[in-house]
Amino acid sequence: MRSHLRRLAVAAVALFTASSALPAAAATRPGHQEHPAHGGLSAVIRYTEYGIPHIVARNYADLGFGTGWAQAADQVCTLADGFVTVRGERSRFFGPDAATDQSLSSASSNLSSDLYFRGVQQAGTVRKLMAAPAPLGPSGDVRDLMRGFAAGYDARLRQNRISDPACRGAAWVRPVTTLDVAARFYAIAVLGGQGGAVDDITGAQPPTGATAHAPGADARALVRAVRARTADADMGSNAVAFSGATTANGRGLLLGNPHYPWHGGRRFWQSQQTIPGELDVAGGSLLGSPTISIGYNAHVAWSHTVATGVPYNLTRLTLDPSDPTVYLVDGRPERMTGRTVTVPVEHGAQVTRTQWWTRYGPVVADSGKGGPPLPWTATTAYALSDPNAANMRFADTSLGFGRARSTADVLASLDRHQGLPWVNTIAADSAGHSLYTQSQVLPRITDELAARCSTDLGRVTYPQAGLAVLDGSRADCAPGNDPDAVQPGTFGPARMPTLRDAPYAENSNNSAWLANADRPLTGYERIFGDVGTARSPRTRGAIEQVAALAQRGGLTVRDLQNQEFTNRAPVGDLAAADAARACAALPGGTATASDGTKVDVGAACPVLGAWDRTMNTGSRGALLFDRFWRRLTAAVPADRLWKVPFSAADPVRTPNTLDTGAPAFATALADTVRELRTAGIALDSPLGQHQFVVRDGARIPVPGGSERLGVWNKVEGVWNAARGAYTEVTTGSSHIQAVGWDGSGCPVARTLLTYSQSSNPHSPHFSDQTRLFSGEKWVTARFCERDVLSSPALRVVRVREH
């Protein structure tokens, strides 16, 4: 390894010192750019196939510079839009009433978004977090990365015209600061807490008139709201690590398959980052981040999945009867802090609102826009406590992963920085170790504290949904402190559910319980997740598939690639045959639609029976079953779908056996058949003809299937029957990586960025990897120096601040 780093250092120095040191092909390749040396920050960017940049720098500030420059080259409009968001300027440029894309918060309107982020800015929240000494605040290396990123982004704006029509010539594309970059990190950190309740924070106002005597909170409605938020289709993922006991060469393997939005500010972007002798890591970064979010190096690979831990809690405030902005703690009154925020809107106008803050966090009240159904009355209000609102450690945690040489180092970074807000970590290394851990920032609410301090509401929501609602009138009901926790009021590393060196460690967004079905994890506090409850179809299917792979053994990276594109629909395995038989048994081959009309469904029966139970682009019957299943599950509660109920003793194979006797079965079938026929879609059409995206005017078929069907390769489409059926993907498989090691010093990595590297339709990398995804093909990663320099697509760009 030492000799490899020495060779890399020599190559990088040569790249910095003289263009004559570049490979001849790179030095003469069309499109090569060189900026004269005038001091300041700089980096060398070597582009290989599919526009993937390999950024070489002398230090972290330079690395941030190269990363910011290269991200702006591919995603300037999306990045600029996000910076407008965190500055609280959406209303000024896009109008106060327009909807946001909800990439950086749940705000339903630009005004709501601006009120929140301007409030954060006005309070100096991000500035204070950045000023805190490490480890509570960011390290010097991360500060340098952020500073360099802002400078690189700005240099790209100065030195190049914008060709993307989404923001070409737009006044809102402006230079940024280090604080803007940090604010974007902050927005990501609080997505699971304050960021998910923006409308309820900015809309909460003291009661007047009838609202003062509104009915209390509805526990069942609150449980539904929390569960719906946890099941957000925008935030999911699969990942599996295999230990050396299961592989062909005794080394570990990792398959990461995050399910993230295909559009907007939560896209991934690929790169390799190198500081010779210090850092060499590749993978996907969330846009705006100067660190690798999910990736690999010569020794270790990691991925993340959204965790079930509830990263916030509610505190019930007992109000002073004479003033609803005063609350009582141990009988003593405390006045809320009114945070008055003014937002500039279009045409020079302004809107001013007041937000209300307490020692526990902001007051939240039902906005009527899908948030927690919580009233603010004359006697009671609720505050949202979000420990991630004091977390600026995400970047240091990720940087620690990039430096890691083992899964033990990954765990050490999590223990040291404790910065992941709402995800699990799954990792494997070249020595054959595997790791799963739910090391996330959670309020330190133990089951004992919840039992002692829960309100009537919390006694329902905590066991059912993991949401604690504590009694704020008692100071002894505040979350406690763990001695190993970096941040007061949060759990320390010793409390985190963790599984080391299991043959496989897998997560598909259910709790830690069945990370390995043979080694279930138990004993953690309820706020982390549940135990002994029904798993999602995706989790059940994933465990069946990866457990079978582990048992078979002899695994290679090729097996990971095959797993990604099995496109098996576990719900199809469970229900399609029963549905086909019940369909064939319908009298006269007809069923009654929801409007009472009779529909001939006879032709659907053999199609359901012949369907191969996959969501491949060529699968016939997949679309029919997909549309039928959506209707059936919308009409029938999950606990009434199956004849054999869930059993904690057999959690992977139960529930099962579709109950086709319910009237909703025939109705769903009739409505589906009529829908497809009305749209001119044959019942046995290949899926790819009706599940596609349009890029450069051409249809690109998309493999994979919905969360409802439990497909590993998840895609969530936009239904538009008039234009062909599923005509765009909102969320799903994004930055996929299959990684192993062969002892050569270079990782064996295959990657795929499903929506491609650039959102600029004029870029050659707007849809190239999307076409690979359609064909279930992969990019062979170039990690080691010899592989980068031998790329037939090599293009070298030397970028400088001036």
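Reckoned from all heavy atoms, side chains included, excluding hydrogens, waters and symmetry mates. These numbers were taken from a predicted model, which means no experiment stands behind them.
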J.: Give a yes or no on whether a salt bridge exists between Glu544 and Arg568, defined as a side-chain N under 4.0 angstrom from a carboxylate O.
T.: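 Yes, Glu544 and Arg568 are salt-bridged.
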J.: Would you mind reporting whether Thr85 and Thr100 have side-chain heavy atoms less than 4.5 Å apart?
T.: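 Not touching, per the 4.5 Å side-chain cut-off.
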J.: Considering all heavy atoms of both residues, which atom of Ala679 and which atom of Ala721 are nearest to each other, and what is their separation?
T.: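 Scanning both residues, the minimum pair turns out to be CB-CB, 3.8 Å.
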J.: Any heavy-atom pair between the side chains of Ser756 and Leu772 that's under 4.5 Å?
T.: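 When only atoms from C-beta onward are counted, Ser756 and Leu772 do not touch, as no gap falls below 4.5 Å.
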J.: Under the 3.5 angstrom rule, does the side chain of Ser734 hit a backbone N or O of Pro258 as a donor-acceptor pair?
T.: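 Checking the backbone N and O of Pro258 against the side chain of Ser734, a donor-acceptor pair under 3.5 Å is found.
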J.: Go through the steps for Phe625 and Val571 under the test side chain to side chain contact (heavy atoms under 4.5 Å, CB included), then give the verdict.
T.: CA-CA 10 Å; Phe625 187 83; Val571 170; 3.9 Å; yes
J.: Restricting to salt bridge (Lys or Arg N to Asp or Glu O under 4.0 Å), what partner residues turn up for Asp97, sequence neighbours left out?
T.: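 Partners of Asp97 under the salt bridge (Lys or Arg N to Asp or Glu O under 4.0 Å) test: none.
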J.: Are any side-chain N or O atoms of Thr660 and backbone N or O atoms of Ala582, one a donor and one an acceptor, separated by less than 3.5 Å?
T.: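 Between the backbone of Ala582 and the side chain of Thr660 there is no qualifying donor-acceptor contact (under 3.5 Å).
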J.: In the structure I gave you, are the side-chain heavy atoms of Leu191 and Leu104 within less than 4.5 Å of one another anywhere?
T.: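 No, too far: nothing below the 4.5 Å cut-off.
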J.: Ignoring hydrogens and angles, tell me if any N or O in the side chain of Thr727 forms a donor-acceptor pair with the backbone of Arg723 under 3.5 Å.
T.: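 Looks like no, no N/O pair under 3.5 Å.
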J.: Could you tell me whether a side-chain N or O of Asn507 sits under 3.5 Å from a main-chain N or O of Asn424, the two making a donor and an acceptor?
T.: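 No, Asn507 side chain to Asn424 backbone: no donor-acceptor pair under 3.5 Å.
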J.: Got a second to check how far Leu314's CG is from Leu222's CG, nearest 0.5 Å?
T.: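 Separation between the atoms: 6.5 Å.
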J.: Quick test of your reading: applying ring pair (Phe, Tyr, Trp, His ring centres under 6.0 Å), list the pairs with at least one residue in residues 636-689, sequence neighbours left out, ordered by first then second residue.
T.: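 Ring pair (Phe, Tyr, Trp, His ring centres under 6.0 Å) check on residues 636-689 returns Phe628-Phe665, Trp629-Trp642.
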J.: Which residues pass the side chain to side chain donor-acceptor pair (under 3.5 Å) test with Lys777, not counting sequence neighbours?
T.: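 Lys777: no side chain to side chain donor-acceptor pair (under 3.5 Å) contacts found.
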J.: Nearest 0.5 Å please: distance from the CD atom of Gln75 over to the CG atom of Asn760.
T.: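 That separation rounds to 9.0 Å.
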J.: Short question: side chain of Arg613, backbone of Trp611 - any donor-acceptor pair under 3.5 Å?
T.: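 The answer is yes, because a donor-acceptor pair under 3.5 Å joins these two groups.
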J.: Looking at CZ of Phe94 and OG of Ser113, how far apart are the two atoms once the value is rounded to the nearest 0.5 Å?
T.: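 Nearest 0.5 Å value for the CZ-OG distance: 10.5 Å.
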J.: Does a donor on one side chain and an acceptor on the other come within less than 3.5 Å for Tyr116 and Gln194?
T.: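 Looking only at side-chain atoms, Gln194 and Tyr116 do form a donor-acceptor pair, the distance falling under 3.5 Å.
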J.: Going by atom types alone, do Lys598 and Thr592 pair a side-chain donor with an acceptor below 3.5 Å?
T.: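 Thr592 and Lys598 do have a side-chain donor-acceptor pair below 3.5 Å.
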J.: List the residues meeting salt bridge (Lys or Arg N to Asp or Glu O under 4.0 Å) with Arg90, not counting sequence neighbours, and say none if there are none.
T.: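 Asp81.
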J.: Evaluate the side-chain proximity of Val469 to Tyr382: yes if any heavy-atom separation is below 4.5 Å, no if none is.
T.: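 Touching, per the 4.5 Å side-chain cut-off.
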J.: Can you list everything that forms a side chain to side chain donor-acceptor pair (under 3.5 Å) with Arg459? Sequence neighbours excluded, please.
T.: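 With sequence neighbours excluded, Arg459 shows a side chain to side chain donor-acceptor pair (under 3.5 Å) to Asp456, given in chain and number order.
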J.: Would Asp101 and Ser103 count as a side-chain hydrogen bond (donor to acceptor under 3.5 Å, both in side chains) here? Give the steps.
T.: CA-CA 6 Å; Asp101 70 357; Ser103 291; 2.9 Å; yes
J.: How far apart are the closest heavy atoms of Ala197 and Leu384, and which atoms are they?
T.: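 Heavy atoms only, the tightest pair is CB-CD1, 3.9 Å.
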J.: Decide side chain to side chain contact (heavy atoms under 4.5 Å, CB included) for Tyr504 and Asn516; before the verdict, give the C-alpha distance in whole Å, the side-chain angles of both, and the deciding distance to 0.1 Å.
T.: CA-CA 6 Å; Tyr504 73 86; Asn516 183 293; 3.3 Å; yes
J.: Tell me, with the steps shown, if Glu776 and Asn567 meet side-chain hydrogen bond (donor to acceptor under 3.5 Å, both in side chains).
T.: CA-CA 10 Å; Glu776 302 181 3; Asn567 291 325; 3.0 Å; yes
J.: Distance-only, no hydrogens or angles: does the Gln691 side chain make a donor-acceptor pair with backbone N or O of Gly704 under 3.5 Å?
T.: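 A pair under 3.5 Å: yes.
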J.: Any sub-3.5 Å donor-acceptor pair from Thr751's side-chain atoms to Gln737's backbone N or O?
T.: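 Not at all, since once roles are kept as given, no pair shorter than 3.5 Å links the two residues.
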J.: Is Arg674 salt-bridged to Asp595, cutoff N-O under 4.0 Å?
T.: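 Here Arg674 pairs with Asp595 in a salt bridge, since their nearest N and O are under 4.0 Å apart.
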J.: Kindly indicate, with the supporting measurements, whether the criterion side chain to side chain contact (heavy atoms under 4.5 Å, CB included) is fulfilled by Arg631 and Thr667.
T.: CA-CA 9 Å; Arg631 282 187 166 82; Thr667 302; over 6 Å; no
J.: What are the two closest non-hydrogen atoms of Ala107 and Gln102, and how far apart are they?
T.: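 Shortest heavy-atom separation between Ala107 and Gln102 comes out as O-NE2, 3.5 Å.
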J.: Does Arg627 make a cation-pi contact with Trp719, if we ask for NZ or CZ under 6.0 Å from the ring centre and within 45° of the axis?
T.: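 Yes, a cation-pi geometry holds between Arg627 and Trp719.
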J.: In terms of the angle between their ring planes, are Phe268 and Tyr260 parallel, tilted or perpendicular, with boundaries placed at 30° and 60°?
T.: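 Tilted: the ring planes of Phe268 and Tyr260 meet at 30° to 60°.
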J.: With no hydrogens and no angle check, just 3.5 Å: does a side-chain donor-acceptor pair link Ser733 and Asn257?
T.: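 Present: a donor and an acceptor within the cut-off.
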J.: So does Asp559 pair up with Arg552, basic N to acidic O under 4.0 Å?
T.: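 Result for this pair is yes, salt bridge flagged.
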J.: Heavy atoms, side chains only, cut-off 4.5 Å: are Val240 and Trp712 in contact?
T.: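 A side-chain contact under 4.5 Å exists here.
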J.: For the side chain of Asn616 and the backbone of Ser619, is there at least one donor-acceptor N/O pair under 3.5 Å apart?
T.: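 Flag not set: sc Asn616 to bb Ser619 has no pair under 3.5 Å.
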J.: About how many Å separate CG of Asp600 and CZ of Arg677, when rounded to the nearest 0.5 Å?
T.: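 Nearest 0.5 Å value for the CZ-CG distance: 5.5 Å.
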J.: Any heavy-atom pair between the side chains of Tyr755 and Ser767 that's under 4.5 Å?
T.: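 Not touching, per the 4.5 Å side-chain cut-off.
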J.: Measure across Pro655 and Arg540 and return the closest heavy-atom pair with its distance rounded to 0.1 Å.
T.: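 That would be O-NH2, 2.8 Å.
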J.: Can you list the steps and then say if Ser112 with Thr202 is a side-chain hydrogen bond (donor to acceptor under 3.5 Å, both in side chains)?
T.: CA-CA 6 Å; Ser112 179; Thr202 61; 3.1 Å; yes
J.: Please report the shortest heavy-atom distance between Asp518 and Pro520, naming the atom on each side.
T.: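 It is C-CD, 3.4 Å.
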J.: Are Val607 and Arg620 close enough, and set up right, to give a side chain to side chain contact (heavy atoms under 4.5 Å, CB included), and what steps lead you there?
T.: CA-CA 7 Å; Val607 175; Arg620 296 179 181 272; 5.8 Å; no
J.: Can you tell me if Arg708 uses its side chain to pair, donor with acceptor, with the backbone of Arg630 under 3.5 Å?
T.: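 Side chain of Arg708 to backbone of Arg630, a donor-acceptor pair under 3.5 Å: no, none is there.
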J.: Side chains of Gln563 and Leu560: does their closest heavy-atom pair fall under 4.5 Å?
T.: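 A side-chain contact is absent here, since even the closest heavy-atom pair is not under 4.5 Å.
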J.: Using modelled atom types and a 3.5 Å cut-off, is there a donor and acceptor pairing between side-chain atoms of Thr754 and backbone atoms of Phe773?
T.: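 No.
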J.: With rounding to the nearest 0.5 angstrom, report the CG to NE2 distance, Leu286 to His304.
T.: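 The CG atom of Leu286 sits 9.0 Å away from the NE2 atom of His304.
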J.: Between Tyr726 and Asp626, do the side chains contain a donor N or O and an acceptor N or O under 3.5 Å apart?
T.: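 On atom types as modelled, these side chains qualify, holding a pair under 3.5 Å.
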J.: Which heavy atom of Gly309 sits nearest a heavy atom of Pro311, and at what distance?
T.: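 Here Gly309 and Pro311 meet closest at O-CD, 3.1 Å.
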J.: Looking at Arg640, I want to see if its CZ is surrounded by more than 12 non-hydrogen atoms of other residues, nucleotides or ligands under 6.0 Å.
T.: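 No - once you tally the heavy atoms of other residues, nucleotides and ligands closer than 6.0 Å, there are 12 at most.
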J.: Name all residues meeting the side chain to side chain donor-acceptor pair (under 3.5 Å) criterion together with Glu728; count only those two or more places apart in sequence or in a different chain, and write none if there are none.
T.: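 With sequence neighbours excluded, Glu728 shows a side chain to side chain donor-acceptor pair (under 3.5 Å) to His263, Arg695, given in chain and number order.
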J.: Is any side-chain heavy atom of Ser106 less than 4.5 Å from a side-chain heavy atom of Asp199?
T.: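 When only atoms from C-beta onward are counted, Asp199 and Ser106 do not touch, as no gap falls below 4.5 Å.
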J.: Evaluate Arg535 against Ser508 for side-chain hydrogen bond (donor to acceptor under 3.5 Å, both in side chains), listing each step before the verdict.
T.: CA-CA 10 Å; Arg535 305 291 90 174; Ser508 292; over 6 Å; no
